[in-house]
Structure formats: structure tokens, C-alpha cells
There are 2 protein chains.
Amino acid sequence: MRPTAAVGIHSSEIKQRNVSAILLNLLHYGAISRVLLAQEIGVSTATITNLVAELVDQGLIAEDSRARANGTPNQVGRPQRSLTLIPDARYSAGIHIDVGKLHVTFTDVCGEVVACKSLDHQVEMDWRAVLDQACEALGALQTTHGLASERIVGVGVAASGLVDPTTGINVVAPNLDWHNVPVGDYISARLGLPVTVENNARAMALGEAMFGSGRDIRAMAFIYARIGVGAGLVVNGQIYRGADAGAGEIGHSHLIFDRDGSPQMRSLESIISRPALLESAQSILRQKGPLTLEDVIDRALAGDEALRAMLDERAFYFGIVLANLVNLFNPELIVLGGLFLSERGLLLPTIEKTMRQYAFATLGKRVRLETTGLGNQVGMIGAAALALDRFFYRPQNQLLMKG
Amino acid sequence: MRPTAAVGIHSSEIKQRNVSAILLNLLHYGAISRVLLAQEIGVSTATITNLVAELVDQGLIAEDSRARANGTPNQVGRPQRSLTLIPDARYSAGIHIDVGKLHVTFTDVCGEVVACKSLDHQVEMDWRAVLDQACEALGALQTTHGLASERIVGVGVAASGLVDPTTGINVVAPNLDWHNVPVGDYISARLGLPVTVENNARAMALGEAMFGSGRDIRAMAFIYARIGVGAGLVVNGQIYRGADAGAGEIGHSHLIFDRDGSPQMRSLESIISRPALLESAQSILRQKGPLTLEDVIDRALAGDEALRAMLDERAFYFGIVLANLVNLFNPELIVLGGLFLSERGLLLPTIEKTMRQYAFATLGKRVRLETTGLGNQVGMIGAAALALDRFFYRPQNQLLMKG
DNA sequence: TGGAATTATTTTAGAAAGTTAATTAATTAA
DNA sequence: TTAATTAATTAACTTTCTAAAATAATTCCA
């Protein structure tokens with residue numbers, strides 16, 4: 001293997017990287033002047049002038065001829081000129097393949113959803129059928145909204161389970177019974193666009209880091225719980241995948257329960273996922289028929305103490321796992337998505353209290369804990385974010401993780 | 001805060017980074033030719049020729065006029081010429097401040113210990129006295145071994161507890177009762193050398209990544225257990241610190257124990273550290289007097305089943321924590337140091353078995369688990385590695401983590 | 001109101017560092 | 001010994017950035 005990070009700079013990368021830095025700063029600040037760009041990026045204003053001119057020519061960014069750049073009100077001297085991204089300069093397609101659900105979207109360069117659609121699919125369906133459905137839905141959206149093909153930078157796919165982003169293969173998606181599905185190649189062949197595939201929690205984490213509350217954050221974790229529980233880690237704006245693209249398998253964290261003196265192990269997924277919660281609720285309620293998580297929450301809020309206690313206990317255990325995550329990874333922010341969006345105050349308070357109590361010293365105090373502000377769109381926005389990151393904002397990083 | 005990773009390339013960095021890449025490749029491969037360097041680094045052979053010539057002039061690297069570079073035996077054509085680092089071109093000073101122990105060393109550029117000394121110190125001593133002791137010991141070693149000052153790149157300090165590497169302050173070292181000790185400034189003033197300070201487990205992780213079995217590794221964890229338990233994480237050859245330089249506080253991971261139906265929490269440190277093990281052994285043996293870990297191991301090996309069972313249980317719990325670490329961080333390698341070096345087969349087998357059993361799918365199978373090959377020198381070598389990394393191999397990274 | 005002061009951006013001239021292609025060097029094969 | 005082959009160096013040139021000077025757009029203040 002190559003020595004870690006001992007890669008040099010080929011002169012052809014320099015400009016591309018500086019352009020990248022400009023685009024990312026514009027995304028981050030919304031509007032920023034050339035002087036500040038030069039400061040932030042660490043190059044001369046002359047360079048900024050030249051690169052900005054090119055980007056304006058390409059129709060990617062605009063100079064607001066009126067507005068002063070922020071932070072410089074009424075100063076002496078020539079005013080700084082605001083530069084902004086042109087959101088509709090490019091679009092990104094996102095596909096979130098969830099268990100039983102399929103979400104597709106086009107976002108603009110700023111991560112705003114321009115069009116989207118959610119579909120159901122059966123777990124028994126062949127993977128081809130599922131991906132066909134997604135591609136057709138995207139095609140329909142593109143036509144309806146009149147999105148020019150040449151403005152679409154690519155397709156991002158947030159897939160369930162283990163994904164190899166270098167090959168675009170969904171190695172295994174247990175809850176869909178998919179094995180080695182060549183998601184990237186298949187979609188790329190159908191749509192004629194570059195495709196990037198990633199694990200769903202990781203895609204969401206990136207979406208949150210680029211367009212959500214993770215924008216100013218050095219290290220963050222996104223936790224998505226639904227049928228399974230997964231975490232996505234983002235460090236300095238880049239997804240952390242680990243050695244085998246397996247980082248973040250927090251659902252398989254184990255907790256120890258002594259039963260009669262001998263240890264018994266339980267995975268987090270058996271504690272806090274929707275199936276786990278429903279199973280427990282069903283046994284509490286002695287109900288056999290179908291039950292939704294909303295029902296359970298409703299009944300707990302209506303005063304079912306046994307349900308409430310069950311949920312509270314689960315929240316406590318999840319809080320412990322979060323505290324351990326904080327101790328190991330020391331994130332600045334943890335964002336929760338999926339079933340946490342419908343907890344209505346029954347889980348979060350205990351989760352947060354426990355997490356802060358058991359995290360080490362200041363780490364637990366400093367970390368922020370939130371549910372995602374992107375709501376149930378976080379999966380598709382995350383998917384679109386994958387493509388934006390790889391094909392628009394950081395095209396130089398074509399193959400980050402290879403051996 | 002600045003947008004994540006949106007930093008550009010100032011032209012003055014380019015050469016420095018390519019030089020860095022050459023040095024790191026030489027360290028990694030031991031001997032390598034210009035053609036291969038060009039391939040690995042991604043620049044032209046012309047550039048390599050020029051930069052190598054400069055490095056030879058500076059006396060940092062040498063061309064072996066005989067040897068063919070490895071991997072190219074008896075080929076047609078002009079043979080590749082081996083380039084190697086000159087180990088003694090520079091030295092690095094390392095100080096490992098452990099609880100009750102102080103280890104100082106000079107290593108060469110390849111991490112080989114040129115000279116070292118270990119000292120005792122009392123926990124009650126003023127921090128100034130401790131640091132003075134270290135500086136004096138270094139001074140003595142330098143004189144004895146005739147190490148020219150101008151060849152010493154700097155001093156690395158592996159400190160106990162929470163460290164802020166940007167300021168060089170040891171924010172808190174609970175086991176030494178140190179608070180906000182300006183380690184970096186103090187040593188720098190005494191020795192007149194640049195100093196870099198880091199948490200001990202992280203320093204060891206870097207040492208292992210540069211000079212130990214972590215050399216080919218993308219993501220690794222080093223776990224140091226003695227009075228406390230800490231982990232150092234290294235990703236792509238760089239220390240991962242987290243948002244508040246608090247990553248790796250694995251000793252404060254909590255495990256849940258049901259006691260009479262209600263959960264009771266225990267930290268890893270209360271399970272697997274030396275004090276914890278000794279306390280438990282003492283209560284098993286009903287012995288009040290002083291007991292060493294070696295005694296405990298001896299007696300367990302001699303057939304004390306209660307002790308053996310205790311150690312095995314502890315190993316099991318540690319294995320669970322490792323499995324959870326593997327699931328979250330997905331390292332390729334985990335290296336253990338400190339008390340694990342004297343376990344004599346009583347802990348590791350159970351640790352490894354448990355870790356692999358409870359880690360998710362392939363992650364647990366792929367990860368390697370070892371005790372450090374650097375032995376008890378890992379702390380001082382890690383400390384020296386800090387300085388080599390920051391002042392010799394990657395001088396461009398002066399301030400990686402700022403807000 | 002109009003110049004002085006101030007700050008931002010652009011232009012110009014040039015330097016730094018890389019690249020490509022041609023050349024030279026050191027081998028093996030025949 | 002010469003041809004073939006591969007490595008390393010050199011020479012000419014390109015790219016990209018920088019520094020410093022010039023220009024532009026304001027506010028300040030008499």
C-alpha cells in the first residue's frame with residue numbers, strides 16, 4: 001500500500017483545488033467578497049480575481065452589484081463586492097433507497113430541493129426493478145421541471161447496508177436481501193450520468209454537513225435509525241469510511257446485561273430500531289395486529305405508563321451508546337434522523353441527559369445533540385449531496401480511498 | 001469557523017509538500033528509486049530529480065551507488081538507483097511523562113532509539129521539577145552521545161490526560177494532578193527547541209503508525225492501559241483528535257451491568273486498568289500488602305483459578321469495548337500497549353475472540369490485533385515521532401486544527 | 001462640494017514550480 | 001560490440017501563482 005498521505009501535488013491540481021476552495025467558501029458563507037476569499041483560502045487577491053472571473057464566465061457564480069459583502073457595513077474605502085453561487089447553475093440527482101421506500105430528488109447547488117418524489121417498493125422486488133423505478137421517477141421529474149441535462153452534475157445514491165464507494169457496489173443490504181448489487185454501473189448506464197454510491201447514514205451525514213446544521217462543524221456524527229441503526233461520520237467536511245468502508249456500524253454496538261450473574265449481549269439495533277420497539281410494545285400491549293410507531297407514541301403520550309417506561313429505558317441505553325461514541329470520536333455535533341423525528345419528547349430528553357452524564361468531562365458538555373432540520377428529506381438530500389461533493393465541489397478527489 | 005477543508009494551495013506550499021512526500025516515501029519504503037517515487041507521488045521524474053538533488057545537498061538523503069532499487073532485479077536497461085534517508089541526518093527528542101515514570105530519548109529520523117533514559121518521579125512533585133528533570137536528562141544524553149544541536153529537529157512530549165496540541169498546554173492530567181500546565185512553552189524556553197505536545201496514547205499511535213506495525217495502515221487504533229486507559233486514533237498517517245482534542249477517551253466507555261434489575265454503569269477504566277485489576281486481585285486474595293500486576297499474573301499462571309476467572313472476565317468486557325470500537329471506527333489494526341505487554345496469554349486470547357465475535361460481519365474478521373512491537377519504548381518513540389512528523393516530515397502542517 | 005484618505009479589485013510584470021520532450025547514461029541481450 | 005531498453009538529466013516551455021503598481025469606489029471632513 002502507499003505510504004499514508006505521502007501524495008504530492010501535480011501542478012494540474014493546483015487550480016482545481018483553489019476553484020474548489022472558492023466554491024466551498026461561497027456555499028458556506030452564502031455571500032463573500034474577494035478579499036475575504038483570499039484570506040480564507042490563503043492565496044493572493046490577484047488569483048481570486050482571475051479564478052472568480054472564470055467562474056462567472058462559466059455561469060457558476062454571480063457578483064451582486066449592489067450588495068456589500070457581509071460583515072463590512074459602512075466602512076471607509078471601496079466596498080467589497082458580494083459574490084454568490086448561482087443555485088440553478090447546476091442540479092444534482094439524489095436517490096435514497098430505503099427499506100420499502102424509495103425517494104428521489106433534484107437539488108440545486110445549494111442543496112435546495114427543486115423537485116422530489118417518494119415511492120413505495122416491495123422488498124421482494126428484483127433490484128433491477130427498484131433501480132428502474134428510481135431512474136424513471138428521476139426522468140419524469142427532469143422533464144416536468146425542465147431541467148437541462150447538461151446542468152446535471154451526476155447522481156448520488158444513498159443505499160442501505162454496506163457499500164463500496166470505489167466500485168459503486170452495494171455489497172450487502174440485509175434488510176433488502178441484496179448482495180453485490182452494482183448500483184453505480186446500473187444507474188450510470190441507464191441515465192448516462194456519473195454516479196456515486198454510499199451508505200445511507202453516511203450520505204445523510206454529508207448532507208447535514210454541507211446543507212444542514214453541520215456546516216460549521218469539524219467533526220460530526222449522523223445517526224439514522226429505522227429498520228436498522230447506522231451512523232455516518234464526517235470530519236472536516238469529508239466522510240470518514242474506515243478501512244473497509246465499514247465505519248459507523250453503531251447498530252451492532254453491544255451492551256452487556258447481566259442476567260443471573262452471567263453476561264448477556266444485546267445489540268443497539270435490538271433496542272432502539274422500529275422493529276425492536278414495535279415488538280416490545282406489542283408484548284406490553286398484548287396486541288397481535290399491526291401497530292405503527294406512531295400508535296405507540298400516541299398511547300404513551302396518552303398515559304400508558306408501561307410503554308413510557310419502556311421507551312425511557314431504551315432512550316437510556318441509546319444515551320449510553322452515544323456517550324461512548326462521544327468519548328471515542330469527540331464530535332462537535334450529533335444529528336439524529338429517522339424514527340427520532342417522531343419521538344415527540346418521549347426519547348430525546350433521556351437520551352440527551354444520559355449522553356451528557358456518561359460522556360467524559362467537557363466532551364459531553366460541549367457536544368450538540370439535535371434531530372435533523374432536513375426532516376424526512378435528509379436521505380435524498382444526502383444522496384444529492386454525494387454527487388455535488390464528488391462531481392461539483394471537489395472534482396479533484398476522484399478516488400480518495402484506494403489501497 | 002472556516003468552511004471545512006476549503007483551504008487552497010498557496011504556491012509556496014507546493015514544493016514543500018512534494019519534498020514531504022519524498023521523505024515520507026523514503027521512510028516507508030526504506031529504499032526507492034526516482035522513477036517509483038515519481039509514480040507514487042504523482043509528479044514527473046524531472047521534478048523528482050530536482051528535489052532529490054536538493055535533499056542530497058542538504059545531507060538528508062543518499063544515493064546508494066551500487067544497489068538497484070528493490071523490485072527491479074536484473075532488468076534490461078539502466079538500473080534504477082536506490083535512494084535512502086540518512087538516519088543520522090537529524091535527531092528528534094522525545095519525552096514521555098507517565099504517572100510515576102519519565103522516559104526520554106533521542107531517535108534518529110527512522111525512529112531508531114539513539115539514546116534513552118528512564119527516571120522515576122513522585123506524583124507530588126511540582127510540574128516544573130518534573131519537566132526540569134526531563135530536560136536535564138535530555139541534555140546529558142545529548143552531550144554523552146555527541147548529538148549536534150543543529151541536527152535536532154525538536155522535542156515531542158507525550159503527556160498524560162487532556163492536551164491541547166495547538167497551545168502545548170496539558171489541560172488536565174488527573175493522575176498527576178496537573179491543571180493547565182504549559183508544557184510546550186516551558187520546555188521550549190529551557191531547551192531552545194520547537195516543542196510539540198500530545199496525549200500519550202495518541203503519541204504512541206503515531207509512533208506505531210510511522211515506525212511500528214502501523215506503517216501500511218489507513219486507519220489504526222493504539223490502546224494504552226496502565227493507570228488509565230486511552231486510545232489514539234491515526235487515519236492516513238495523521239492523528240485524529242476530534243473536535244476538542246478529546247477523541248479516544250475509551251477508558252470512560254461505559255458498560256451496563258444489571259444489578260437486581262436496575263442498571264449499574266461501570267467505566268472501562270474501572271475494569272481493565274492496573275489499579276482496578278490489583279484491587280480486584282487483592283480482594284480475591286484477601287491480601288492487604290503491596291501487590292504488583294506481575295504477582296497477579298504469576299499466581300494466575302501458577303493455577304489460581306479465581307484470579308484466572310477474574311482476568312478472563314475482564315478480558316471479555318474489554319473485548320466487547322474493542323468490538324464496539326471496531327464497529328464505529330473500522331480500523332485495520334489495533335495495537336495494545338502498557339499492561340497488555342505483560343499479560344502472558346491470560347488476557348489476549350479472550351480479548352481477541354470476544355472482539356471478533358461481537359464485531360460486525362467482516363469488520364471483525366479483517367482487523368488485526370497485536371501488542372506493540374515497540375515494547376515499553378513506545379511512549380518515548382511516540383513522543384519523538386510527534387516532533388519528527390511536525391518538524392521534519394510535514395513541516396507544512398503547522399497548525400492543522402484551529403477554529 | 002471636492003479633495004484626502006481608505007480600502008477593494010484589477011492589471012502588469014515576473015517568479016516559482018511544475019511539465020514535456022529530447023538527450024544522455026547505464027545496463028542486458030545477442 | 002552493437003542494439004535494445006530503461007533511468008535519469010537537461011532544456012525549453014507552460015501553468016499558476018505572487019508582488020507591486022494602478023485603478024476604482026467609497027467615506028471623511030474641511
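In this text the structure is predicted, and so the values were computed from the model without any measurement. The chains referred to below are lettered A, B, ... by the order of the sequence lines, with proteins before strands, and numbering in each begins at 1.
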Considering only [options], which nucleotide approaches the side chain of [X] most closely?
X: A:R34; options: D:dC28, C:dG18, C:dT9; value: C:dT9
X: B:S11; options: D:dA8, C:dT19, D:dT18; value: D:dT18
X: B:K15; options: D:dT6, C:dA17, D:dT9; value: C:dA17
X: A:S33; options: D:dA8, C:dT19, C:dT9; value: C:dT9
X: A:V76; options: D:dT27, D:dT9, C:dT9; value: D:dT27
X: A:I14; options: C:dT19, D:dT16, C:dG18; value: D:dT16

Exercise for the section: May I ask which nucleotide in the shown strands pairs with D:dC29, Watson-Crick or G-U wobble, both distances under 3.5 Å? Expected result: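 Per the H-bond distance test, C:dG2.
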Practice task
Hunt down the Watson-Crick or G-U wobble partner of C:dA30, both distances under 3.5 Å, from any strand shown, or write none.
Solution key: D:dT1
What integer distance in Å separates [X]:[atom1] from [N]:[atom2]?
X: A:Q80; N: D:dA24; atom1: CD; atom2: P; result: 19 Å
X: A:I9; N: C:dG18; atom1: CD1; atom2: P; result: 9 Å
X: A:L55; N: C:dT9; atom1: CG; atom2: C1'; result: 16 Å
X: A:R78; N: D:dA25; atom1: CZ; atom2: P; result: 6 Å
X: B:R81; N: D:dT9; atom1: CZ; atom2: P; result: 10 Å
X: B:E13; N: C:dA15; atom1: CD; atom2: P; result: 21 Å

Practice task
Would you tell me if any nitrogen or oxygen in the side chain of B:T45 comes within less than 4.0 Å of OP1 or OP2 on D:dA8?
Solution key: no
Practice task
Output yes when a side-chain donor or acceptor of B:E332 lies under 3.5 Å from a complementary backbone atom of A:A243, and no otherwise.
Solution key: no
Practice task
Please check if the side chain of A:R90 supplies one atom and the backbone of A:L388 the other of a donor-acceptor pair under 3.5 Å.
Solution key: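 Answer holds: no.
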Practice task
For B:N50, report the nucleic acid contact type (base, sugar-phosphate, nothing); a contact means any heavy atom under 4.0 Å.
Solution key: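 Result for B:N50 = nothing.
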